[in-house]
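Heads up, the thing below is written out as C-alpha cells.
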There are 2 protein chains.
Amino acid sequence: MTEESPPLQSTGLVTSQVARFDTPLPLACGRELPAFELVYETYGELNADRSNAVLICHALTGHHHAAGYHHVDDRKPGWWDAHIGPGKSIDTRRFFVISVNNLGGCHGSTGPQSIDPNSGRIWGPDFPLMTVEDWVHSQAMLADRLGIERFAAVVGGSLGGMQALQWSITFPARLANAAVIAATPKLSAQNIAFNEVARQAIRSDPEFHDGWYAEHQALPRQGLRLARMVGHITYLSEHAMGARFGRDLRTDRLNFGYDVEFEVESYLRYQGDSFSRRFDANTYLLMTKALDYFDPAGDSDDDLARALSPAQCRFLVVSFSTDWRFAPARSREMVDALLRAGKGVSYANIDSSHGHDAFLLPNERYAAVLGGFMQRIANDIETIDANRPSGDGAHHGETSRQRMPNDQRESG
Amino acid sequence: MTEESPPLQSTGLVTSQVARFDTPLPLACGRELPAFELVYETYGELNADRSNAVLICHALTGHHHAAGYHHVDDRKPGWWDAHIGPGKSIDTRRFFVISVNNLGGCHGSTGPQSIDPNSGRIWGPDFPLMTVEDWVHSQAMLADRLGIERFAAVVGGSLGGMQALQWSITFPARLANAAVIAATPKLSAQNIAFNEVARQAIRSDPEFHDGWYAEHQALPRQGLRLARMVGHITYLSEHAMGARFGRDLRTDRLNFGYDVEFEVESYLRYQGDSFSRRFDANTYLLMTKALDYFDPAGDSDDDLARALSPAQCRFLVVSFSTDWRFAPARSREMVDALLRAGKGVSYANIDSSHGHDAFLLPNERYAAVLGGFMQRIANDIETIDANRPSGDGAHHGETSRQRMPNDQRESG
C-alpha cells in the first residue's frame, strides 16, 4: 500500500500503545506479577457514553495487531483484518475496538523476554505460567484504564474464544455480548497430546538451555520449527491439505532421499522455519499451557451449565465444519450448556474446507453471522444513544438490560 | 510364562531363521542391493503340496516376530499373537505362516545397521531407500527359497496391508488371497505431513550426525522420541485417548510447570522414551519414506482399478471405524477399485474405539471376519488335498483356479 491509497475497507495506519500497571496482579498459579505492561491497539472511536467498546482476544500465536497497517510499506495487515474495519463484521465506524497482546506474549506485553524487576535480568523460564482467567483479569485492568465499564462485546477465536467465554463468567456485569469462535470448553486428551509434543520438541532442543537460551546467545529454532509444523497440521483440515498439496511433487520425480519431495513437505518446512524466526519459545510453551489448563467447568463438578450460570451476556458461538482441532461438537457442548443455563445463545456451524484456520479467513456466511450479531449490538447502542437526553451516560446497567429482551436471550 | 505351561493358544517357543541371498536385488530407486539377508519366523507346518503358506507383512515399526515367544521368560508374545496361533484367526494348525522382517529394518534383516560390502563399514544413511514393491520382490525371493510357488494368502495391516495389495499386482499368480487391513491405496497430504514432522524431528536432532550417529557413538534419541510421540497420537482415536486419559492429572493438582501434569503427557513421554531405546533412526526414516512413496495407481493415471487389473486373488479389506490415520473411506477406495476391476472382494468396517491400533488388538468381529476368510481358504486347501491322489503336488496353478470359482470372485 502507499500512503496515498490505503486499501479499501482498511482501518488504515494504526499505532500500538502501551499501558503500564504498577498494581500487582495475583495469578492462578499462586504467584503475582508485581507490575506489568500491556501493548494494545484501538480501531474506531469510543462513543460519548463509552458503550461501544469491543475487546478482541487473540489465539495461541496471535498478538495485538489485529487490523490495519503499522507502516505504509507493510505488505500484510493485522491478523483479523478480514473481519475488523470500516464496513466489516466488526465495523470500526460503529465500534471502538481494542486488541491487546496477552501477558506472557512476545509482542510487547510483559512476558518471558521482559525484565524481572526482582532479579534485574529477563524473566525467561521464570515467568509465571498464565491462565485464561489471569488474562481476563489483566484485560479488565486495561478496560478500567481506558474508562470502559462494560464491553459491548468480547470477541475471540480459538484460545481467544476461550477468553471471551471466561469473561462471561469472571466479569458477568462487564460485557453485554460474547462471541466464542472455533473454541472449546476444554481441551481433549488429543489436544493436550499435540501441545505436549510441541513442548517436548522445544524443551528437548539443546539450544533451549532450560529456557535460558537468551543468556546463552542461543535460540531453540529446531524445536520451535517442529512445534509449528505439528501445530500447522492440526490447523488445516485433511481436505484442505489434500486439495492444496495432494501428493504433488516439488521435483520432477522422487529423489529417493530426504530433501523435499512432496509439496506438503516444502510447505511445512517453510511454515516451521518462518515461525521459528519470529516467535519466542518460552511464550509458545506458556501459551500451550494456558490452553491445556482452560477448564471453566473444572470447579463445578464438570458441569459447564453451572459454571456458566453467572453469565449475563448474549452469546454467539461459531464453529467450522472441517475444524478437527476444536471440532463443531465442542462448540455444541458450549451451546448446550448455555441453553441449559438459560442463556441467550446463537450458534452457527459454518461450512468451510479450511479446518481450524477458517476462523481467520474471509467467508461469506461467517461474515454474515458475525457481522449480523455485531450489527444488532451496534443498532441497539445507537438506538439508545439517539433516545437518550444528552449527558446521560451513567446508567449502563439499565441500558444494557433494555437491549437484551428475554425473547432474544432464549433464542437458540 | 514357564516352560511347563505355554499360554493357551500360543504357537509356543519360536526361533528366528535367516536366509541369505547373494543375487543382487534391483531397487525402485535405481540402485541395487548386492546381497542381503532376511530374518524370518515360521509357525505351523507346510503341507505336502506346499499350498498352505501364508505370508505376514509387518507395519512401520514391526518385525518378523509376529507370534509365540522367543524365550520362556518373555513377558510378551509376538506383535500379532492375538491373531496368529492354534485356533486363532490365522490358525497355525492349518497354515504354514511366514513372517519376515523387511529389508531396511532393524531387527535382523539387512538394513542401515548392516555392513555395506563395498565400503566395509555400516550402511547407515547410505542404505538405499526402499519401496513396498522392493519388499515384495525380496519376499518373493524368500518364498522361492522356501519352495513356495504360491501363497494361500498374503496378509498385513497398515504398511503391511499395502504390501499385500502390492503382491496382488506384482505377482498375481503367486497368491490366492490377499488380506488388506487398516491400509490405504496411497498416503494423503496429511499422512505425509505427519511423517515429515517425524523425519524432521529425527534429522534435526544434533545427535543424528546426518545419519552417521553410530560412527559418532551417538543416538538421536530425542528425535526418535518426538517421532514416536507424534506417531502415537495418530495411532489412537481421539475417543480412545479421551476414554483412557481424559484430562486426568498425574499429580494432585496442577504444578504450573513443565513436569508431567496430565496423564496423557506421561503416557506419550513413556511411549517415546521406550521407543527411542529400541528402534533405529535410519530405519524409521526409511520406513516412513516407503509409506509416502506407496502409490500403485501412480503409474496408471491414478486409476486404481486399472492398477489392480492384473490381480488374480480374492481380497479381504478390513477397516476400523475410528481409524483416522487410514480411515475407513481409504479402505472403501480400494474396495471400489477392486469391484470396478471385477475382482472378488469382501469388506468389513469393524466397530472399534481403538483407532488405527485396532488392527493389532483382539476384537470379536475382527477375529470372526479375518478368521472366516482364512477358514474358507483352509477348507478349500484341505478339500483339494483330500480329493487329490497322493503325490500330486505339482499342479498348483490348476488347483488354485479350482478353488476360486467365479461366483466367489465377484462376491462383494
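Just so it is clear: chains get the letters A, B, ... in the order the sequence lines come, proteins before strands, and each one is counted from 1.
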### Message
In the structure I gave you, are the side-chain heavy atoms of B:Leu226 and B:Ile202 within less than 4.5 Å of one another anywhere?
### Response
no
### Task
Tell me, out of A:Ala28, A:Gly30, A:Ala189, A:Pro125, who's got the most heavy-atom pairs with chain B below 4.5 Å.
A:Ala189
### Query
Looking at B:Ala337 and B:Leu308, what are the two nearest heavy atoms and their distance?
CB-CD1, 4.1 Å
### Task
Kindly indicate whether the side chain of A:Leu129, heavy atoms from C-beta on, has any atom under 4.5 Å from the side chain of A:Leu27.
no
### Message
For the interface with chain B, which of A:Pro128, A:Gly272, A:Ala201 has the highest count of heavy-atom pairs at distances below 4.5 Å?
### Response
A:Ala201
### Message
Is any side-chain heavy atom of A:Phe320 closer than 4.5 Å to one of A:Pro328?
### Response
no
### Task
Flag the one option from B:Ile233, B:Leu236, B:Leu286 with the top tally of heavy-atom pairs under 4.5 Å to chain A.
B:Ile233
Got a list of the donor-acceptor pairs under 3.5 angstrom between chain A and chain B?
unit_1	atom_1	unit_2	atom_2	d
A:Leu187	O	B:Arg247	NH1	3.0
A:Ser188	OG	B:Glu238	OE2	2.8
A:Glu196	OE2	B:Arg269	NE	2.5
A:Glu196	OE2	B:Arg269	NH2	2.9
A:Arg199	NH2	B:Glu265	OE2	2.7
A:Gln200	OE1	B:Arg225	NH1	3.0
A:Gln200	OE1	B:Arg225	NH2	3.1
A:Arg225	NH1	B:Gln200	OE1	3.0
A:Arg225	NH2	B:Gln200	OE1	3.1
A:Glu238	OE2	B:Ser188	OG	2.8
A:Arg247	NH1	B:Leu187	O	3.0
A:Arg247	NH1	B:Asp292	O	3.2
A:Arg247	NH2	B:Asp292	O	2.7
A:Tyr258	OH	B:Leu286	N	3.2
A:Glu261	OE1	B:Lys289	NZ	2.6
A:Glu261	OE1	B:Tyr293	OH	2.7
A:Glu261	OE2	B:Tyr293	OH	3.0
A:Glu265	OE2	B:Arg199	NH2	2.7
A:Glu265	OE2	B:Lys289	NZ	3.4
A:Arg269	NE	B:Glu196	OE2	2.5
A:Arg269	NH2	B:Glu196	OE2	2.9
A:Leu286	N	B:Tyr258	OH	3.2
A:Lys289	NZ	B:Glu261	OE1	2.6
A:Lys289	NZ	B:Glu265	OE2	3.4
A:Asp292	O	B:Arg247	NH1	3.2
A:Asp292	O	B:Arg247	NH2	2.7
A:Tyr293	OH	B:Glu261	OE1	2.7
A:Tyr293	OH	B:Glu261	OE2	3.0

### Query
Taking side chain as C-beta onward, heavy atoms only, is A:Phe294 less than 4.5 Å from A:Leu159?
no
### Query
Taking C-beta and beyond as the side chain, do A:Leu254 and A:Phe262 meet within less than 4.5 Å on heavy atoms?
yes
### Query
Are any of the side-chain heavy atoms of B:Leu285 and B:Phe208 separated by less than 4.5 Å?
yes
